[in-house]
Number of protein chains: 2
Amino acid sequence: MADRTTGRAKETSLKDISAYCGVSIATVSKALNGHKDVSEETIRKIRKAAKELGYRPNSAAKALKTNRTYDLGILFVDEAQSGLTHDYYAALLDSFKREAEARGYDLTFINSNRGEKNSMSYLDHAKYRGFDGICIACVDFYDPEVIELARSDIPIVTIDHVFNNRMVVISDNVRGMADLVDYCCDMGHRKIAYIHGADSAVTQARLSSFYKTTYERGITIPDEYVSEAAYRNTDETYRETIRLLNLPDPPTCILYPDDFAAFGGINAIHDRGLSIPDDISICGYDGIRITRHITPHLTTLRQDTKQLGSKAAELLITLIEHPKTTLIQQVMVEGSLYKGETVRRIQPES
Amino acid sequence: MADRTTGRAKETSLKDISAYCGVSIATVSKALNGHKDVSEETIRKIRKAAKELGYRPNSAAKALKTNRTYDLGILFVDEAQSGLTHDYYAALLDSFKREAEARGYDLTFINSNRGEKNSMSYLDHAKYRGFDGICIACVDFYDPEVIELARSDIPIVTIDHVFNNRMVVISDNVRGMADLVDYCCDMGHRKIAYIHGADSAVTQARLSSFYKTTYERGITIPDEYVSEAAYRNTDETYRETIRLLNLPDPPTCILYPDDFAAFGGINAIHDRGLSIPDDISICGYDGIRITRHITPHLTTLRQDTKQLGSKAAELLITLIEHPKTTLIQQVMVEGSLYKGETVRRIQPES
DNA sequence: TTTCATTACTAAATCGTTTACGATACTATC
DNA sequence: GATAGTATCGTAAACGATTTAGTAATGAAA
């Protein structure tokens with residue numbers, strides 16, 4: 001028999017098995033789900049029949065009855081350039097996906113079809129699909145729709161942004177930036193500039209850590225050594241790098257918002273006829289793959305995306321499966337310094 | 001009232017609205033779905049109640065009844081390194097996602113939880129979730145499970161691999177490689193080497209196009225100019241590049257499997273103290289973002305991922321919504337040559 | 001012999017929708 | 001005034017599963 005609307009063959013259901021085996025639907029269900037009040041023999045019979053008839057459970061029916069979908073929603077907005085095509089987030093998503101799937105959960109993108117006839121808010125969409133839990137990773141955290149979602153009663157884990165009373169996995173940007181700055185100082189640099197990314201919780205953490213660490217090392221950072229450039233924007237870092245190089249007292253080391261943006265600086269430095277790291281040292285941030293495949297290898301702070309993603313999935317699923325006993329927590333994931341070759345050891349001026 | 005298993009509040013259903021408005025559930029359903037046998041007034045009343053009570057449809061119930069999920073499965077296996085963290089595929093997925101969501105479809109990853117207690121084949125999983133359609137993008141196309149899926153009765157679109165009687169969107173690798181080779185020839189190169197990727201339909205298309213185009217330009221390619229290196233593997237391209245440079249009669253131009261792999265060649269060339277493009281010319285393939293942000297800009301063939309992804313989604317959804325009238329087709333998407341700066345104009349030897 | 005557990009099974013309700021079909025009332029036509 | 005047509009709404013079955021409560025049979029304990 002074929003479905004009228006899709007034209008596809010009808011799938012076999014519990015009813016078919018029950019008719020085939022001469023037992024009730026309830027027994028079939030229980031047998032297949034491993035309940036104990038079914039005899040060994042009927043279990044065998046039913047299992048065999050299920051295989052023969054090509055039975056596959058129906059997630060919609062199961063979800064309708066149990067209120068569990070074993071499907072996780074991921075909010076991953078790829079406006080402009082952050083998102084799927086962003087190495088850091090892509091790696092995060094990949095790791096999250098792996099862990100979730102290993103634990104028996106599927107992944108579906110959350111979206112609000114703005115502009116569509118039946119557009120829904122993120123929350124509407126999440127409720128509509130009945131996600132067991134949600135991961136908010138790459139998004140404008142001040143978007144009202146995101147906040148609405150974060151305030152809902154759906155289990156949620158967030159990455160790199162703290163919401164009140166919600167689970168969160170954060171990359172330790174304070175420690176990361178401190179490691180980076182410490183390394184530069186250890187290499188003898190005292191004139192360190194920082195071109196930081198656009199304002200966000202992440203940026204703030206890195207920026208304050210930058211100031212704190214340099215201060216602790218007895219370094220005073222002149223205002224003109226610190227400026228802003230959008231993440232992953234090479235044009236802006238190019239411009240800011242030129243500005244830094246033009247300074248009467250230019251820095252000996254420049255920190256960039258991220259690895260990709262660092263390429264803007266690399267170009268600016270080369271265009272000036274200078275060489276890295278002989279004439280000037282640079283650092284990226286993130287530790288994307290390409291940094292280890294260029295010469296000289298880019299000095300950077302590698303964020304542990306594998307850990308971040310899998311930990312997020314682990315926490316979220318624990319929260320879903322043990323809502324009472326799981327307490328909301330905040331997990332910090334350390335990155336690791338990748339020394340690379342773009343920071344040269346210099347003799348500090350006396 | 002709260003759900004016993006999840007502890008979450010119960011969602012309002014059509015029944016609640018029907019009670020609230022004093023009409024039948026059927027009328028509420030019809031009113032909300034825009035059927036014409038409901039009076040304007042009751043529609044208004046029901047719409048208002050739905051808003052007040054915070055009604056949200058339940059996708060599981062809808063799917064159960066209608067056999068339509070408005071959910072698309074994507075097969076996107078990220079073994080080793082191809083997949084989410086692969087620029088080309090990530091861009092593809094992004095574009096596919098955009099188009100699908102704009103047309104009212106969600107995206108869920110297909111996976112077979114191998115090794116898990118309830119592991120399913122790709123097909124089992126797809127049937128279980130009831131996807132309306134499937135996109136197979138980045139995967140081993142000779143995997144028996146993939147073939148089983150491709151033979152099923154589910155609407156499918158494939159990217160870059162032709163299955164019998166299935167829709168497919170392919171990047172024109174023949175034309176792309178021809179454009180690339182032609183450009184190199186136009187720049188005066190006659191000693192062109194090609195380090196191609198591992199065997200696949202894509203590789204074969206590029207390789208045969210490479211031979212055909214060079215032949216047409218009157219160039220004979222010695223066997224030692226052609227060798228293999230895995231895609232996105234810089235170590236292997238490094239090794240092969242060194243080999244090429246050691247040749248008694250080395251090439252003046254080297255073509256790489258992809259942009260990323262080209263970095264292995266770049267390193268090898270620099271390590272030899274040679275410069276690009278003054279001493280040797282190189283080309284990548286794909287047109288990933290970074291190629292336009294390094295100096296010199298990498299000459300490459302930019303694949304139109306935006307078009308590939310959106311076209312795939314468009315075709316698939318058309319097939320889903322008009323199964324009778326839609327004929328299976330094969331769509332070819334042209335890439336575009338990005339000239340960059342890594343191929344130098346030379347005087348061909350006489 | 002009666003009583004009580006235990007085992008193996010079933011009936012039926014239920015989850016939230018959609019939809020074929022029937023029912024009613026009103027209007028227009030002859 | 002009988003008939004047909006139209007507009008509006010309701011009844012009830014169905015989708016495929018889970019689960020509660022209950023039945024029937026068996027054996028053991030009293």
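Residue numbering restarts at 1 for every chain, and letters A, B, ... go by the order of the sequence lines. Values below: all heavy atoms of this structure, side chains included; hydrogens, waters and symmetry mates excluded. Please read all numbers here as calculations on a predicted model, not as lab measurements.
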Practice task
Mind checking B/Gly22 for me? I need base, sugar-phosphate or nothing, with any heavy atom below 4.0 Å counting as a touch.
Solution key: sugar-phosphate
Practice task
Give one of base, sugar-phosphate or nothing for B/Ser39, where a contact means two heavy atoms less than 4.0 Å apart.
Solution key: sugar-phosphate
Nucleotide nearest [X] (side chain, heavy atoms from C-beta), chosen from [options]:
X       : options                : answer
A/Leu64 : D/dT18, C/dT18, C/dG16 : C/dG16
B/Leu14 : D/dA17, D/dC9, C/dT18  : C/dT18
A/Lys10 : D/dG16, D/dT19, C/dA11 : D/dG16
B/Ser13 : C/dG16, C/dT19, C/dC9  : C/dG16
A/Lys65 : D/dC9, D/dT20, D/dT18  : D/dT18

Exercise for the section: Cation-pi check, A/Arg98 to A/Phe96: give yes when NZ or CZ is under 6.0 Å from the six-membered ring centre and within 45° of the ring axis, no otherwise. Expected result: no
Problem - Between B/Tyr89 and B/Asp94: side-chain donor-acceptor atoms closer than 3.5 Å - result: no
Practice task
Flag the pair A/Tyr70 / A/Phe131 as yes when their ring centroid distance falls below 6.0 Å, and as no otherwise.
Solution key: no
Exercise for the section: Could you check A/Ala26 against A/Lys15 and say which one's nearest nucleotide on DNA chain D is further toward the 5' end? Expected result: A/Lys15
Practice task
Would you please confirm or rule out a distance under 4.0 Å between OP1 or OP2 of D/dA17 and any side-chain N or O of A/Ser29?
Solution key: no
Exercise for the section: Fit a plane to each ring of B/Phe141 and B/His161, take the angle between them on a 0 to 90° scale, and name the class: parallel (under 30°), tilted (30 to 60°) or perpendicular (over 60°). Expected result: parallel
Fill in the blank from the handout: Assert: residue with more 5' nearest nucleotide on DNA chain C, out of B/Asp37 and B/Pro57, is B/Pro57
